[in-house]
*Asks:* 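Have a look at this one.
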Amino acid sequence: MSQPSRAGVTTETPNPQGFRALGLNATLVQAAQSLGVERPTPVQQQAIPAVLAGRDVLAQAPTGSGKTLAYVLPGLQALMAQEAPPQARRVTRWLVVVPTRDLADQVSATAIEVLKPLRAHVRVVTLTGGTSVNRDQVTLRAGADMVVATPGRLLDLMKQRALSLDGLTCLVLDEADRLLETGFAAELSALMSQLPAARQTLLWSATFSPAVLALAATHQRDAQRIEIKAVDTDLPDIEQRAVAVDEGRRTALLKAWVGSEPWKRVLVFVATKYASIHVSDKLYRAGINATAFHGDMAQSTRQDVLREFKAAHWQVVVTTDLAARGIDVSQLDAVINFDLPRSTTDYVHRIGRTGRAGQQGVAISMVTAGQRAHWRLIARRHALDIELEEVPGFEPRDPEPERPLDPEGHGGIKGKRPSKKDKARAAQAASAQKGGPAGDGT
Ligand code: ADP
Ligand code: MG
């Protein structure tokens with residue numbers, strides 16, 4: 001394999017001034033850089049100075065535009081500026097409310113990733129349904145500077161006086177359109193009525209639905225309004241393909257592709273850390289330069305892997321959605337969905353990683369019998385018109401199982417079945433939407 005020139009590795013002009021110029025301090029900018037985040041996205045450009053100035057923000061920006069860091073970075077800066085002593089009980093000053101557990105986990109993970117290299121005493125706690133409420137109560141004894149929560153569990157814990165929001169300075173409603181769609185409206189207003197009035201309120205949404213605008217009108221003051229146009233979700237440089245294959249034949253198919261296609265850098269997405277190790281080991285044993293990239297690896301190890309991937313020492317990196325947030329490698333030839341993403345939003349995040357900077361890229365989703373229904377959901381959400389192919393020698397034999405679709409559109413999430421409350425909410429949302437267009441869920 002020929003060695004790529006160093007100059008060819010980064011195609012984007014680095015702009016270390018970017019985040020600094022928005023008012024973020026150097027340590028935080030460095031922490032972001034260690035996650036591969038160098039230049040602010042448009043929504044970050046506009047929102048960060050406003051958030052730092054204490055203003056309300058009403059932002060509409062498409063999926064994948066970087067809304068999370070647009071509030072996480074200035075939020076952490078505010079929290080770090082008034083750090084409580086290490087032993088003191090934390091007062092919750094920032095509250096982030098999101099519609100799903102998945103999203104809550106993602107937001108917390110992002111904040112924790114940023115905090116990792118910093119020596120900051122900022123405690124981030126995630127509160128969502130489907131986990132032990134007793135454990136939440138114990139966790140909250142030490143308090144939390146930033147709480148990331150879904151509405152139901154949050155209200156439960158407030159009712160039990162396990163969490164006080166009297167010291168709140170900033171409320172963040174992320175994916176506000178979905179929050180209002182999924183039947184959380186009543187819970188949201190119950191929540192809002194219990195929060196200190198003198199606070200900052202940040203609203204983020206992929207769409208400005210009438211409900212979002214009404215919420216903004218009631219709960220925001222002189223908000224900075226941001227509207228970022230949707231980027232082309234057709235992702236014109238990216239060839240998207242979907243291949244039907246049996247679950248047990250995926251590694252063999254992957255080996256066949258990597259052995260025959262002229263791919264120098266391939267990013268493979270799997271569902272779990274374990275799978276990232278397992279799949280990369282199998283490839284490695286087959287003589288392919290493949291390695292895993294996951295959240296349990298030390299930061300320095302991850303940086304090594306990224307550097308080596310950029311230098312084309314590794315041909316294949318096998319990763320999870322969470323860990324992949326830190327991967328910013330230009331010139332990926334292919335993204336392979338070995339497992340489909342659980343959330344339809346992640347599909348765009350994943351495939352957007354290939355075909356960057358005018359390069360031709362391919363994104364191939366492996367669709368097992370068990371994931372057919374979920375694939376159809378992803379295809380519908382993104383209006384994809386892709387035929388499910390079969391590869392000679394790998395024709396699927398497994399029958400498609402009959403199973404109901406998750407009403408929230410997250411497909412079959414192993415070990416995360418909807419709770420009674422989730423189901424009630426979904427039913428409520430479904431009846432509220434009857435006759436209307438299907439929610440986009442992003
Ligand atoms: P949104 O909430 O707008 O849908 P996210 O905040 O989830 O988008 O970000 C989408 C992806 O972009 C994430 O993987 C995130 O790590 C990455 N990202 C965010 N900001 C930047 C940036 N400034 N530079 C590079 N990658 C970024
Ligand atoms: Mg988001």
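Atoms within a ligand are numbered from 1 in the order they appear, just like the ligands themselves. Every value quoted in this text rests on a predicted model; they were computed, and no experiment measured them.
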*Asks:* Could you name the option among Val37, Leu69, Leu35 that has the heavy atom nearest to atom 26 (N) of ligand 1?
*Replies:* Val37
*Asks:* With the side chain counted from C-beta on, respond yes when Leu79 and Met146 share a heavy-atom pair under 4.5 Å apart, and no when they do not.
*Replies:* yes
*Asks:* At a 4.0 Å cut-off, with the gap strictly under it, does some heavy atom of Gly18 reach an atom of ligand 1?
*Replies:* no
*Asks:* Report the residues that fulfil ring-ring contact (aromatic ring centres under 6.0 Å, His included) with His121, sequence neighbours left out, ordered by chain and then residue number.
*Replies:* none
*Asks:* Let's go through Gln44 and Phe19 carefully: what are the C-alpha distance in whole Å and the side-chain angles of both, what is the deciding distance for side chain to side chain contact (heavy atoms under 4.5 Å, CB included) to 0.1 Å, and is it a yes or a no?
*Replies:* CA-CA 9 Å; Gln44 292 162 0; Phe19 278 110; 3.5 Å; yes
*Asks:* Quick check: does Glu38 get an N/O under 3.5 Å from an N/O on ligand 1?
*Replies:* no
*Asks:* Decide yes or no for Ser365 and Val243: does some side-chain heavy atom of the first lie under 4.5 Å from some side-chain heavy atom of the second?
*Replies:* no
*Asks:* Which atoms of ligand 1 have any heavy atom of Thr68 under 4.0 Å away?
*Replies:* 2 (O), 5 (P), 6 (O), 7 (O)
*Asks:* With heavy atoms of Thr41 as the reference, note each atom of ligand 1 found under 4.0 Å away.
*Replies:* 20 (N), 21 (C), 22 (C), 23 (N)
*Asks:* Could you tell me whether the side chain of Leu191 reaches within less than 4.5 Å of the side chain of Met158, counting heavy atoms only?
*Replies:* yes
*Asks:* Contact between Ala61 and ligand 1, counting heavy atoms under 4.0 Å?
*Replies:* no
*Asks:* Would you mind reporting whether Ile336 and Leu267 have side-chain heavy atoms less than 4.5 Å apart?
*Replies:* no
*Asks:* What pairs meet the ring pair (Phe, Tyr, Trp, His ring centres under 6.0 Å) rule with one or both residues in residues 53-74, with sequence neighbours excluded?
*Replies:* Tyr71-Trp204
*Asks:* Counting only heavy atoms, which portion of Pro62 has something under 4.0 Å from ligand 1: side chain, backbone, both, or neither?
*Replies:* backbone
*Asks:* With heavy atoms of Arg39 as the reference, note each atom of ligand 1 found under 4.0 Å away.
*Replies:* 22 (C), 23 (N), 24 (N)
*Asks:* Of all the atoms in ligand 1, which lie at a distance below 4.0 Å from a heavy atom belonging to Gly66?
*Replies:* 1 (P), 3 (O), 5 (P), 6 (O), 8 (O), 9 (O), 19 (C)
